[in-house]
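As structure tokens, the structure follows; a few thoughts come after it.
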2 protein chains.
Amino acid sequence: MNDDVRTINAVETAFDIVEYLKESDGAGVTELATELDLAKSTVHSHLATLYSNGYVTRDGDTFHVALRFFNLGNYAREQSSLYQVGRKKVDELAEETGEKVYILAEEHGRGMHLYIATGKRSVQTYARTGQLSYLHQLAAGKAILAHLPDERIDEIIDRYGLPARTEATITDPDELWTELEEIRERGFAQNREESIPGLHAVGVPITDEDGVAVGSLSLSAPAKRLRGERFDEEVPRLLLGIANEIEINMAYV
Amino acid sequence: MNDDVRTINAVETAFDIVEYLKESDGAGVTELATELDLAKSTVHSHLATLYSNGYVTRDGDTFHVALRFFNLGNYAREQSSLYQVGRKKVDELAEETGEKVYILAEEHGRGMHLYIATGKRSVQTYARTGQLSYLHQLAAGKAILAHLPDERIDEIIDRYGLPARTEATITDPDELWTELEEIRERGFAQNREESIPGLHAVGVPITDEDGVAVGSLSLSAPAKRLRGERFDEEVPRLLLGIANEIEINMAYV
DNA sequence: CTTAGTTGTTTTGGAGAGCCGAACGGCCGC
DNA sequence: GCGGCCGTTCGGCTCTCCAAAACAACTAAG
């Protein structure tokens with residue numbers, strides 16, 4: 001599929017509207033028209049279409065993303081073998097370590113938090129199920145990036161750039177490449193306050209039969225609890241073992 | 001918003017494609033074109049649009065619903081105050097009774113399983129989070145129907161009909177109306193194997209300040225365990241109490 | 001190696017539809 | 001009652017989405 005095939009404008013507009021409704025927690029016709037630079041009547045027909053098909057709801061003059069999307073979204077998650085297989089393992093791991101453990105799936109060059117298990121000691125982070133993140137900002141994301149073909153890595157950097165989230169976030173492509181090299185060599189990725197101040201994390205890739213990453217497994221904890229040998233050896237070894245189990249199980253789904 | 005306003009064809013086609021991909025667990029261009037009665041080139045451009053925006057993925061020649069929808073869908077769920085407030089209560093109730101307890105939300109005349117908590121003794125039903133069901137087939141659904149304005153009930157029956165799921169499903173409008181009258185009087189609904197053979201359920205409405213249902217709370221169990229006084233009084237009283245707590249909490253969100 | 005039958009992809013042109021702009025009607029608050 | 005919001009409606013120009021057919025790539029059969 002070529003990149004410059006003709007796409008359908010009306011469909012993109014419709015999704016732009018839905019995404020804007022999500023970002024703004026609901027909006028009206030006029031706001032949408034000015035923000036998305038469309039005629040009010042255009043927005044109106046789009047909303048009428050989305051409404052009559054059940055994809056948006058309205059509350060007075062503001063429109064919202066409808067639960068109908070949850071129907072589609074939950075289906076997509078349950079279809080994924082990564083979720084089917086990984087969920088149980090992640091629960092066990094969170095129970096065992098007491099920390100926050102999660103699965104990230106790669107899709108279109110970004111990372112989606114497929115499932116999050118919180119252990120007894122885990123801190124309140126703002127990671128949420130269903131969240132879409134940039135890969136370079138996360139241990140789990142870097143673990144994925146390192147196990148993608150080189151040309152895809154370039155593509156992803158080109159497409160999304162390397163936006164910062166904390167002062168420690170890697171924003172330089174060359175720096176990222178050397179980091180990815182290291183990750184390939186030792187087999188796991190680390191995150192040192194690159195996405196949340198005070199938080200460390202370890203991420204390991206989950207790959208298909210060709211060694212290409214389809215997702216990753218990750219554990220995060222306060223920097224003071226995840227350091228030294230536990231950070232560099234213990235937790236990585238634990239995660240690598242589980243990731244391997246997941247890979248094996250996925251092959252037989 | 002009038003029913004005969006102009007809707008945008010291309011947008012409806014795009015969603016038809018996505019819904020078909022869901023129903024069929026993935027499909028190719030030709031299959032979509034024949035099933036949806038469209039030209040192959042039309043399907044192709046739609047898929048190209050959806051793909052380049054990240055709403056479908058492809059695996060060889062078959063296209064699938066992408067996780068991107070999970071991002072939107074999970075957002076929609078977490079926005080809902082019914083979910084925010086009800087989740088904890090439902091967990092507690094499932095723990096306490098050992099049975100399966102769930103929250104149903106009403107949207108566009110159908111019921112969406114917002115959250116399901118399974119107790120220790122609960123049976124494996126095929127109810128899943130995110131599932132879209134007909135209201136008349138469920139205790140939770142009938143509880144909602146009974147607490148909607150009469151004209152909306154007529155609308156819903158007109159729009160979706162009363163499809164059967166078991167031999168006990170109510171398929172006659174008059175019968176449904178008398179049942180709804182009873183539910184209004186006693187305040188709760190019962191399901192006697194109307195959706196799954198061998199399964200009983202109790203459902204109570206969750207209403208807004210005007211007494212109109214926005215969702216419902218429900219408990220299901222094997223018919224042999226949910227009968228007699230427990231079915232007719234104990235469980236209904238328990239659910240009504242919790243539903244009331246949820247309503248009060250929702251008013252302050 | 002050829003052939004027949006799959007796929008998905010690309011290309012055309014024209015009809016039809018989406019988009020815009022402007023006018024409308026309802027609602028609230030100054 | 002009047003201005004300034006809101007969403008809704010309508011007519012029409014223009015752009016674009018749709019359809020049909022030819023194309024390319026791949027598989028299976030002989």
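A, B, ... follow the sequence lines: proteins, then strands. Residue 1 opens every chain. Since the structure is predicted, the reported quantities are computational estimates derived from the model, not experimental observations.
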Less than 4.0 angstrom between a side-chain N/O of B:H46 and OP1 or OP2 of D:dC18, yes or no? yes

B:F69 vs B:Y55 aromatic rings, parallel, tilted or perpendicular, using cut-offs 30° and 60°? tilted

Pick the closest DNA chain C nucleotide for A:N9 and for A:K40 by heavy atoms, then say which residue is nearer the 5' end. A:N9

Atom pair distance, as rounded to whole Å: CZ in B:F63 and P in C:dT7: 13 Å

Short side-chain N/O contact to C:dC20 OP1/OP2 from A:T42, under 4.0 Å: yes

Looking at A:E245 and A:K89, is there a salt bridge between them, counting it only when a charged N and a carboxylate O are closer than 4.0 Å? yes

5'-most by nearest nucleotide on DNA chain D - B:L38 or A:S45: A:S45

Counting heavy atoms from C-beta on, name the nucleotide in D:dG7, C:dT7, C:dT10 closest to the side chain of B:H44. C:dT10

Gap between atoms CG and C1', on B:L47 and C:dT10 respectively (whole Å): 15 Å

B:T30 side-chain proximity, nearest of C:dT9, C:dT7, D:dG7: C:dT7

State whether B:K22 and B:D16 are salt-bridged, where the test is any N-O pair (Lys NZ or Arg NE/NH1/NH2 against Asp/Glu carboxylate O) under 4.0 Å. no

Between P of D:dC18 and CG of B:D16, the distance in whole Å: 12 Å

Taking for B:A10 and for A:E31 the nucleotide of DNA chain D with the nearest heavy atom, the one nearer the 5' end belongs to A:E31

Round to the nearest Å and state the distance from A:D61 atom CG to C:dG25 atom P. 18 Å

Do the side-chain N or O atoms of A:T13 get closer than 4.0 angstrom to the phosphate oxygens (OP1, OP2) of C:dG18? no

From the set C:dC20, D:dC6, D:dT8, return the single nucleotide nearest to any side-chain atom of A:R58. D:dT8

What's the CG-C1' distance between B:D59 and C:dT7, to the nearest Å? 15 Å

Flag this pair as yes if the NZ/CZ of B:R110 is under 6.0 angstrom from the six-membered ring centre of B:Y160 and inside a 45 degree cone about the axis; otherwise no. yes

Hey, is B:E19 close enough to A:R68 for a salt bridge, meaning N to O under 4.0 Å? yes

Specify the separation, in whole Å, of atom CG of A:L36 and atom C1' of C:dC19. 14 Å

Is there a donor and acceptor pair closer than 3.5 Å between the side chain of A:S41 and the base of C:dA22? no

